[in-house]
2 protein chains.
Amino acid sequence: MTKDMALRVVPRPMRKQVEEGLRDAIMTGRFAPGQHLPDRLLCELFGASRSVVREAVRLLEAEGLVTTYPNRGPFVSFLSPAEAEQVYEVRGVLEALAGEGFAQRASAGERAELRRVLEALAALPPRGADQAALLALKREFYEVLMRGCRNPLVARMFETIINRNAQLRATSLSDPGRLSGTVAELRRVVEAIEARDAAGAWQACRDHVRSAAEVALRILREHERAARATG
Amino acid sequence: MTKDMALRVVPRPMRKQVEEGLRDAIMTGRFAPGQHLPDRLLCELFGASRSVVREAVRLLEAEGLVTTYPNRGPFVSFLSPAEAEQVYEVRGVLEALAGEGFAQRASAGERAELRRVLEALAALPPRGADQAALLALKREFYEVLMRGCRNPLVARMFETIINRNAQLRATSLSDPGRLSGTVAELRRVVEAIEARDAAGAWQACRDHVRSAAEVALRILREHERAARATG
DNA sequence: CCGCACGGTTTGTCCGTCAATCTTCCGGTC
DNA sequence: GACCGGAAGATTGACGGACAAACCGTGCGG
């Protein structure tokens with residue numbers, strides 16, 4: 001039992017803190033895409049030494065959030081519409097795989113939990129819902145789904161994939177009227193799962209990602225056009 | 001013009017060399033799963049400083065080839081049968097996605113190239129074929145497939161996934177008589193692609209991975225049982 | 001207006017240091 | 001002889017300085 005205590009007392013090495021801080025800063029947009037991330041800046045920002053910062057950057061690079069150009073250093077990755085489309089394609093199959101696995105392998109308790117989160121989502125006010133609450137619930141939904149599919153590798157890859165388009169997700173969620181569509185799509189997922197219909201769950205998940213992608217890409221392309229017109 | 005020379009003479013930073021060397025050493029089995037990788041060892045082995053080695057290890061950690069335990073350092077990841085199964089599940093959907101995309105988007109030249117590699121595979125002697133040649137051809141097949149599917153993200157994720165089970169692949173390829181099955185499965189992939197049948201290519205890819213997984217997992221479980229009985 | 005040299009900045013790499021922690025082994029105790 | 005505990009050695013995690021090479025912006029000169 002002291003072991004548990006100790007694990008909590010020294011929960012995370014400095015490196016992890018920098019990793020998480022940097023990841024968070026990029027995903028929330030505090031560091032804009034294309035922005036240069038010199039060592040010095042990160043050292044001061046996190047109060048860490050260069051070695052630690054560089055190791056953290058290397059990890060984020062492997063996750064795709066950061067791109068390093070030789071002799072120029074690390075930059076926040078820029079997500080072009082084409083790349084965003086690729087992200088959604090991959091996310092679609094990963095999510096479908098998770099849905100399929102969940103339908104086959106999740107426990108009755110986990111199925112009930114998924115239903116509970118879905119109903120919480122459905123209970124949100126149709127428009128102008130609290131963005132933070134909505135995001136938290138969607139996160140929870142996926143958390144349950146990924147836990148119940150009994151495939152930690154899928155869960156891990158899904159997490160890194162979703163980090164890459166966290167910014168896009170925010171914009172697609174902000175689309176008024178999107179919530180009801182989301183809930184309807186996820187309801188189909190949950191119903192297929194409760195019917196233990198693996199193929200149905202697969203299809204429902206893929207359809208959900210497809211329509212999320214459509215909304216996000218439409219908005220992204222509009223922004224792109226606006227930016228080009230202004231610039 | 002000297003610039004071009006210089007760019008080729010010093011193409012890659014030391015860090016990349018260590019990354020690749022370490023990745024290669026793990027994938028070819030020169031570093032066995034479960035083996036401890038102390039900094040000092042890697043420093044001597046690659047003639048690099050600790051900072052460089054640690055950055056490289058961090059990247060391999062993100063790829064899943066290395067696992068770091070707190071205060072114990074990096075170890076070569078061990079792939080349990082359950083984890084191997086997960087790897088194959090993910091590989092299946094990634095490969096299927098690539099096959100689907102290839103059928104839809106590859107150029108005529110790329111389709112011809114895929115056919116060419118397939119016929120080279122089919123021309124190998126049915127048994128006792130040169131392992132190295134076989135592996136090279138399979139690599140080339142996937143290289144063409146991933147290039148032609150027009151989704152670099154899938155290509156990248158597929159590469160890291162396949163690195164994780166490189167050892168297993170060697171064992172599954174060594175199975176006598178497996179080659180003819182492999183060729184037959186890949187032929188179905190190529191034929192679906194040439195017919196521009198995206199759904200068929202998807203299914204053919206997934207089937208191929210499924211049977212590769214069956215062979216590999218059967219062998220892996222036998223090894224596992226033998227190891228337990230001996231140990 | 002173009003090109004070129006210059007200086008500041010940043011990267012890529014190496015090295016030494018140091019506390020905290022883990023492993024091992026040794027010796028004492030029951 | 002088995003077991004417990006602590007000292008010794010090794011390793012990690014983290015810090016900071018150092019330095020050559022590469023890059024960038026600036027300003028000078030043609």
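In what follows, every heavy atom counts, from backbone to side chain, and hydrogens, waters and symmetry copies are set aside. In what follows, chains carry the letters A, B, and so on, assigned in the order in which the sequence lines appear, proteins first and then strands, with residues in each chain numbered from 1.
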Protein-nucleotide distance (A:F46, atom CZ; D:dC15, atom P), rounded to Å: 13 Å
Hey, does B:N163 have a side-chain heavy atom less than 4.5 Å from the side chain of B:I26? no
Looking at C:dT11, D:dA14, D:dT11, which one has an atom nearest to any side-chain atom of A:P74? C:dT11
C:dT9 phosphate, OP1 or OP2: any side-chain N/O from A:H36 under 4.0 angstrom? no
Can you tell me how far C1' of D:dC24 sits from CZ of A:F75, to the nearest Å? 11 Å
Euclidean distance, atom CD of residue B:E55 to atom P of D:dA14 [Å, nearest integer]: 14 Å
Respond yes when some side-chain nitrogen or oxygen of B:R54 is under 4.0 Å from OP1 or OP2 of D:dG13, and no when none is. yes
Any idea how B:H36 and B:F75 line up, ring-wise: parallel (<30°), tilted (30 to 60°), or perpendicular (>60°)? parallel
What's the NZ-P distance between B:K16 and C:dG12, to the nearest Å? 10 Å
Rounded distance in Å - CG (A:N71) to P (D:dA20): 16 Å
Which of C:dG12, D:dG16, C:dC14 is nearest the side chain of A:S49? It is D:dG16
Please give, in whole Å, the distance from D:dG13 C1' to A:R12 CZ? 16 Å
Please check if the side chain of B:R206 supplies one atom and the backbone of B:G92 the other of a donor-acceptor pair under 3.5 Å. no
Do A:R50 and C:dG12 share a donor-acceptor pair, side chain to base, under 3.5 Å? yes
By nearest atom, which of the nucleotides C:dT11, D:dA14, D:dC15 is closest to the A:P38 side chain? C:dT11
Write down the distance between OH (B:Y69) and P (D:dT11), rounded to a whole number of angstrom. 19 Å
How about B:V154 and A:V93: do any of their side-chain heavy atoms sit closer than 4.5 Å? no
Quick one: B:M14 CE to C:dT11 C1', roughly how many Å, whole number? 15 Å
Can you tell if the side chain of B:M146 reaches within under 4.5 Å of the side chain of B:E159, non-hydrogen atoms only? no
Which residue lies more 5' along DNA chain D, comparing B:L37 with A:S51 via nearest heavy atoms: B:L37
